[in-house]
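Here's the structure we're looking at; comments come further down.
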Amino acid sequence: SIPFIFLSGPFRGEYYAYNICIRLLGYYISNLHTSSQACAKEHFKMLVLGGGSGGIAMSARMKRRFGADNVAVVEPAETHYYQPIWTLVGAGAKTLASSGRPTASVVPSGVKWVKSRVQEINPGSNTVITDDGKEISYEYLIVALGIQLHYEKIKGLPEAFDHPNIGSNYSIQTVEKTWIALQNFKEGNAVFTFPNTPVKCAGAPQKIMYLADSYLRKTGKREKAKIIYNTSLPVLFGVKKYADVLWEIVRSRNIQVNHRQNLIEVRADQREAVFENLDNPGETNVVQYELLHVTPPMGPIQVIKSSSLADEAGWLNVDKESLQHKNYPNVFGIGDCTNLPTAKTAAAVAAQTAILDRTISKVLKNQKPDRKYDGYTSCPLVTSYSTVVLAEFDYTGQPLETFPVNQGKESRIMYHMKADLMPHIYWQGLLKGFWGGPGPYRKLLHLGMK
């Protein structure tokens, strides 16, 4: 603070004006300093957008490549979840608490955690603006922002989740509602849906259906239940080898599969689900339900969609082999937010981390990326509380299996791998940047052959 100078006599008016001027000058300087601080940029050699599986795994790898002080990850959530286990949470086989850990515990030590939401990406100026007005500049950018759930695109949702007979394994707010609905089931239709959009973990909508079938058999309610799978797709599963075994399971368990049926409305008060026939526009079908599991429509994240990083559909526009952006060579992408033509799974992310790490190492040396992502992805299709069909395939939809056995059948060992081993590999391997998928082990187990 600047003190007044008191003076009496004929010059006191001049000194009063002097004091006012001095104080105004001090106020201006103080605010100028505050404003300059507000406008100051943070700068990082590597900035990672998103603290999901891809973002945290790449943060760990980039810490080793650039040093912790040169890496930052932008993520608003306080808790990081291992979402693949939510299939088992919705069926009562695992707890929701077991799927989450504090974000602070998974962000690599020394890496700056910017606890904000990404508001704007400006690749032309190499800057990102967060929702709290912070501007961050970067030399290199990894975009790992995931996929957006759109429950609101189904009329009657999300408010219908306040009713006890409806759940969804895709959301932290609704996954436990699936288990409640399953326990409350008495008799009638148990309906499971698949939307007319890309989704993450495309096998999950039917995994919970098989688990529900198993649960109802265990509790003696299966004879009074009609299990219905209404899918927008024209197939049960996209890879024929695994679709064939799933059809055998569906038929043996008396499950009704209806193709090209898309959920457009839920009337929770009447327990009615309204579907549109995608092969006959304008035709709708109303189904009564006692249990309804909703897989929501999904789409690209808005901040990507509204930036120059997006393709025409709104997904991050990356090269499918190197994961480098097609227009901005210092920008890279990983996971569900990208336009990679493969199934969006955590297994795909794991394989992508190894490729992307290699790509970035080459770019830093002004060399051409020399390792190519083949689209590897995996879907452990849970078919009961003790069996899994482990689907693994590539961009072409051809099986790309890790183990030297026929994975096109139900397996107890694969169930334990899904339920018990993979969570450990996720937390201790993938998120720490040490697990890049089973590629090297596949070659070893197959004696060097694909």
Side-chain angles (χ1 to χ4, degrees), residues 147-161 165-171 174 178 188-210 212-213 226-240 242-244 246-247 249-251 254-268 270-301 305 311-315 336 339-345 377 379 381 391 393 395 397:
I147 196 169
Q148 183 66 49
L149 306 183
H150 288 292
Y151 287 104
E152 79 285 353
K153 290 191 175 182
I154 299 171
K155 187 177 179 181
L157 292 182
E159 53 270 23
F161 287 116
N165 298 78
I166 177 172
S168 175
N169 288 353
Y170 277 88
S171 164
T174 59
T178 303
N189 293 333
V191 182
F192 302 83
T193 74
F194 190 107
N196 190 30
T197 66
V199 300
K200 57 181 174 180
C201 194
Q206 56 184 300
K207 294 178 192 180
I208 186 60
M209 173 180 70
Y210 301 128
D213 170 81
K226 182 178 183 180
I227 296 181
I228 301 170
Y229 183 51
N230 276 6
T231 172
S232 65
L233 299 176
V235 295
L236 183 57
F237 195 76
V239 180
K240 185 180 183 303
Y242 309 116
D244 288 346
L246 293 176
W247 273 117
I249 293 168
V250 160
R251 293 185 182 112
N254 194 28
I255 295 172
Q256 180 179 325
V257 177
N258 300 314
H259 295 300
R260 306 294 287 157
Q261 297 292 311
N262 183 43
L263 180 66
I264 58 173
E265 182 180 358
V266 176
R267 302 167 183 166
Q270 291 81 39
R271 294 185 187 174
E272 292 178 345
V274 183
F275 295 86
E276 62 176 343
N277 184 345
L278 295 174
D279 288 334
N280 190 8
E283 178 185 314
T284 59
N285 179 32
V286 179
V287 180
Q288 289 282 147
Y289 67 83
E290 175 67 16
L291 180 155
L292 177 64
H293 178 270
V294 176
T295 301
M298 303 180 203
I301 299 293
K305 198 174 180 179
D311 66 7
E312 292 182 357
W315 303 99
D336 297 349
N339 60 356
L340 297 172
T342 193
K344 299 178 184 296
T345 68
T377 190
C379 184
L381 293 156
F393 49 97
Y395 275 138

Point to revise | Selection residues 192-201 - residue pairs positive for side chain to side chain donor-acceptor pair (under 3.5 Å), sequence neighbours left out | key: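 Sorted pair list: Gln83-Lys200.
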Exercise for review: Keeping to residues at least two apart or across chains, list the side chain to side chain donor-acceptor pair (under 3.5 Å) pairs with something in residues 290-300.
Suggested key: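 Passing the test, one end in residues 290-300: Arg271-Glu290.
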For [X], side-chain contact (heavy atoms from CB on, under 4.5 Å) partners two or more places apart:
X      : value
Ala273 : Leu263, Phe275, Tyr289, Leu292
Thr377 : Thr342, Ala343, Thr345, Ala348, Phe393
Ala243 : Phe237
His150 : Gln148, Glu152, Lys153, Pro297

Exercise for review: In sequence, state the C-alpha distance, the side-chain angles, and the governing distance for Phe192 and Leu291, and then conclude on side chain to side chain contact (heavy atoms under 4.5 Å, CB included).
Suggested key: CA-CA 8 Å; Phe192 302 83; Leu291 180 155; 3.9 Å; yes
**Study point:** Backbone N/O of Pro195 and side chain of Ser232: donor-acceptor pair under 3.5 Å
**Key:**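 It does hold such a pair.
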**Study point:** Results of salt bridge (Lys or Arg N to Asp or Glu O under 4.0 Å) for Arg260 - residues two or more places apart only
**Key:**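 With sequence neighbours excluded, Arg260 shows a salt bridge (Lys or Arg N to Asp or Glu O under 4.0 Å) to Asp279, given in chain and number order.
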With sequence neighbours excluded, residues passing side-chain hydrogen bond (donor to acceptor under 3.5 Å, both in side chains) with [X]:
X      : result
Glu283 : Asn277, Asn280
Lys240 : Asp244
Asn189 : none
Lys226 : Gln256

Which atom names give the shortest non-hydrogen contact between [X] and [Y], and what distance separates them?
X      : Y      : result
Leu381 : Ala391 : CD1-CB, 4.0 Å
Val199 : Pro296 : CG1-O, 4.4 Å
Asp336 : Lys344 : O-NZ, 2.9 Å
Pro198 : Trp315 : CG-CZ2, 4.0 Å
His259 : Leu233 : ND1-O, 3.2 Å
Ile166 : Ala160 : CG2-O, 3.0 Å

Kindly compute the distance separating [atom1] ([X]) from [atom2] ([Y]), expressed to the nearest 0.5 Å.
X      : Y      : atom1 : atom2 : answer
Tyr170 : Ile147 : OH    : CD1   : 9.0 Å
Leu236 : Leu246 : CG    : CG    : 5.0 Å
Asn285 : Asn262 : CG    : CG    : 12.5 Å
Tyr210 : Ile255 : OH    : CD1   : 6.0 Å
Ser168 : Leu157 : OG    : CG    : 9.0 Å

Check your understanding: Quick one: ring pair (Phe, Tyr, Trp, His ring centres under 6.0 Å) partners of Phe161, sequence neighbours excluded?
Key ->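 Ring pair (Phe, Tyr, Trp, His ring centres under 6.0 Å) list for Phe161, sorted by chain: Tyr151.
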**Study point:** Flag if over 12 foreign heavy atoms under 6.0 Å of CD, Gln270
**Key:**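 Enclosed.
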Review point. Tell me, do Val286 and Arg267 make a side-chain contact under 4.5 Å, heavy atoms counted?
Key: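 In contact.
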